[in-house]
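Please read these numbers as outputs of a predicted model, since none were measured by experiment.
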Amino acid sequence: MYDMKALYEAYSVEEAVRLRLEHPEAQIIAGGTDVLVQMREGRRAGKELISIQKISSMRGVTIDEQENIRIGSLTTFSHITHDPIIVEKINVLGEAVDMVGGPQIRNAGTIGGNTCNGVTSADSASTLFAWDAIIELTGKNGKRYLPIKDFYIKAGTVDINVAEGEIQTAILIPKASYENTKGCYLKYGMRNAMEIATTGCSVNCRLSADKKTFDRVRIAYGVAGPVPMRAPAAEEFIGGKPITMENIEEFSRKVLENINPRDSWRASKAFRLHIAVEMAKRCLIESVKRCGGDV
């Protein structure tokens, strides 16, 4: 059923790095929900595979010494949705990955696979961009940390910023990104389940102590450009402004200064631009309410 040249299994991060160096053309496989489908379609036929499924240290959600939320790259979508740390600190990420595929996919698919697949429509990607996620990469020279905005290089192929022998071992959400912050993710698709996003929008905000002013707002999109992207014009406009519908509507229009979706068989560029504005408004209103504010 699957045309593969060889399958290697790693039982530790160190072993996975060694195998990557020994077999530089091999494909990493975790949950397999993308790779195995691509093999059946012939796109990865005859490939060598390196399985990292047995590396238990790459699973789970913890808070490190700097109070960053650390999500192991092999943590499944289902685990993220129900993990108590995610539920308490950054519930919107759990809501976003709960929109991936169906239950079987969410039980097998991993957060690391979702980001390393490199596609702009990944349901986790826009939320990770909006929360200033940091990618932990481990290679022959140890660990290095890369802002997620520098992780994606270009569209059209899975082309991410990974050096020779490196594997993605975790995703970090800094304390400064999640503290006193709430967010909302909206996905537009033709169906309510088992659907690739036509457009995805993730917003989060932190309010002033009296809940009357926007202290900070961040917004990111999937399928609004070749890679997931923020909308800095909107973020810069709304920071420090009073919480009013007028300001929220202007914020939503400001996203048009940054996003550049494409025409495709799923939707036209004009339609994506239209819904991007509406999604920005709805996400920000919901984020304000989750922060205890009133609109």
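Within a 6.0 Å sphere centred on CZ of Arg282, heavy atoms belonging to other residues, nucleotides or ligands number 12 at most. Annotation for Arg59: atom CZ counts as buried by contact number, over 12 foreign heavy atoms lying within 6.0 Å. More than 12 heavy atoms of other residues, nucleotides or ligands sit less than 6.0 Å from atom CD of Gln66.
Side-chain contact check for Arg20 versus Val162: some heavy-atom pair is nearer than 4.5 Å. Using a 4.5 Å cut-off on side-chain heavy atoms (C-beta onward), Leu49 and Ser51 make no contact. Between Thr120 and Tyr152 the shortest side-chain heavy-atom distance does not fall below 4.5 Å. Counting heavy atoms from C-beta on, the side chains of Asn107 and Thr76 never come closer than 4.5 Å. Between Glu67 and Glu179 there is no side-chain heavy-atom pair separated by less than 4.5 Å. Annotation: side chain of Asn260 is in contact with side chain of Lys269 (closest heavy-atom distance under 4.5 Å). Arg144 places a side-chain heavy atom less than 4.5 Å from the side chain of Glu166. The closest side-chain heavy-atom distance from Arg253 to Glu249 is below 4.5 Å.
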Glu286 and Leu186: CA distance, side-chain angles, deciding distance, side-chain contact (heavy atoms from CB on, under 4.5 Å) verdict: CA-CA 10 Å; Glu286 181 60 26; Leu186 286 178; over 6 Å; no
Test ring-ring contact (aromatic ring centres under 6.0 Å, His included) on Phe251 and Phe214 and set out the steps. CA-CA 11 Å; Phe251 161 85; Phe214 290 107; 7.5 Å; no
Between Val97 and Asp123, is the side-chain contact (heavy atoms from CB on, under 4.5 Å) condition met? List the steps. CA-CA 6 Å; Val97 300; Asp123 286 303; 5.8 Å; no
side-chain contact (heavy atoms from CB on, under 4.5 Å) between Ile86 and Ile71, worked out: CA-CA 9 Å; Ile86 298 294; Ile71 307 169; 4.1 Å; yes
Starting from the C-alpha separation in whole Å, work towards a yes-or-no answer on side-chain contact (heavy atoms from CB on, under 4.5 Å) for Ile135 and Ile171. CA-CA 5 Å; Ile135 303 297; Ile171 297 170; 3.9 Å; yes
Just do the salt bridge (Lys or Arg N to Asp or Glu O under 4.0 Å) check on Glu14 and Arg18 with the steps written out, would you? CA-CA 6 Å; Glu14 294 75 17; Arg18 177 180 61 80; over 6 Å; no
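Cys184 and Ser287 make their closest contact through N-OG, 3.4 Å (heavy atoms, listed as atom of the first residue, atom of the second, distance). Pairing each heavy atom of Leu21 with each of Pro24, the nearest pair is O-CD, 3.7 Å. Contact between Ile167 and Ala16 at its shortest, heavy atoms only, is CD1-CB, 3.8 Å. Of all non-hydrogen atoms in Gly240 and Thr213, the two that sit nearest each other are O-CG2, 3.3 Å. Among all heavy-atom pairs drawn from Ile111 and Ser124, the shortest one is CD1-CB, 3.5 Å. Between Ile55 and Ala10, the shortest heavy-atom contact is CG1-O, 3.6 Å.
Not a single donor-acceptor pair under 3.5 Å links the side chain of Ser121 to the backbone N or O of Ile196. Counting only distance, with no hydrogens or angles, the side chain of Glu25 and the backbone of Glu48 share no donor-acceptor pair below 3.5 Å. In this structure a side-chain-to-backbone donor-acceptor pair under 3.5 Å is present from Ser73 to Gln168. Proximity of a side-chain donor or acceptor of Arg216 to a complementary backbone N or O of Ser177 within less than 3.5 Å is detected. Judged by distance alone, with hydrogens and angles left aside, the side-chain atoms of Arg272 form a donor-acceptor pair with the main-chain N or O of Ala267 at under 3.5 Å. For Arg106 (side chain) and Val100 (main-chain N/O), a donor-acceptor pair under 3.5 Å exists by modelled atom type. Remark: the backbone N or O of Asp150 is paired with a side-chain donor or acceptor of Asn161 at under 3.5 angstrom.
Between atom CG of residue Asp132 and atom CZ of residue Arg230 there is a gap of 4.5 Å, rounded to the nearest 0.5 Å. Of the inter-residue distances, the one linking Ile134 atom CD1 with Glu136 atom CD reads 10.5 Å to the nearest 0.5 angstrom. To the nearest 0.5 Å, atoms SG (Cys205) and CD1 (Ile243) are separated by 7.0 Å. Distance CG/Asn91 to NZ/Lys182: 7.5 Å, rounded to 0.5 Å. One finds the CD1 atom of Ile85 at 12.0 Å from the CZ atom of Arg70 (value rounded to the nearest 0.5 Å). Rounding to the nearest 0.5 Å places CD1 of Ile238 at 12.0 Å from CG of Asp215.
When the side chains of ILVMFWY residues are joined at heavy-atom separations under 4.5 Å, either directly or via intervening members, Leu146 and Ile28 end up in two distinct hydrophobic clusters. Clustering ILVMFWY residues whenever any of their side-chain heavy atoms sit less than 4.5 angstrom apart, transitively, puts Tyr8 in the very cluster that holds Ile52. Under the 4.5 Å side-chain heavy-atom criterion for ILVMFWY residues, a single connected hydrophobic cluster contains both Tyr178 and Leu93. Under the 4.5 Å side-chain contact rule for hydrophobic residues, Leu128 and Phe77 share a cluster. Hydrophobic clustering, with ILVMFWY side chains joined whenever heavy atoms are under 4.5 angstrom apart, groups Ile80 together with Ile90.
Side chains of Ser202 and Ser126: no donor on one and acceptor on the other come within 3.5 Å. For the residue pair Tyr221/Asn258, the side-chain donor-acceptor check at 3.5 Å is not satisfied. Asn180 and Arg206 are not linked by any side-chain donor-acceptor pair at a separation below 3.5 angstrom, with hydrogens and angles left out of the test.
Between Tyr188 and Phe271, the two ring planes are perpendicular [angle over 60°; tilted spans 30° to 60°].
Taking the centre and axis of the six-membered ring of Phe237, the NZ or CZ atom of Lys241 falls inside the cone set by 45° and 6.0 Å.
Salt bridge Asp83/Lys89: absent, no basic N to carboxylate O contact under 4.0 Å. We find that Glu278 and Lys281 are joined by a salt bridge, their nearest charged nitrogen and carboxylate oxygen being less than 4.0 Å apart. Under 4.0 Å is where a charged nitrogen must lie from a carboxylate oxygen, and between Asp294 and Lys211 no such pair does.
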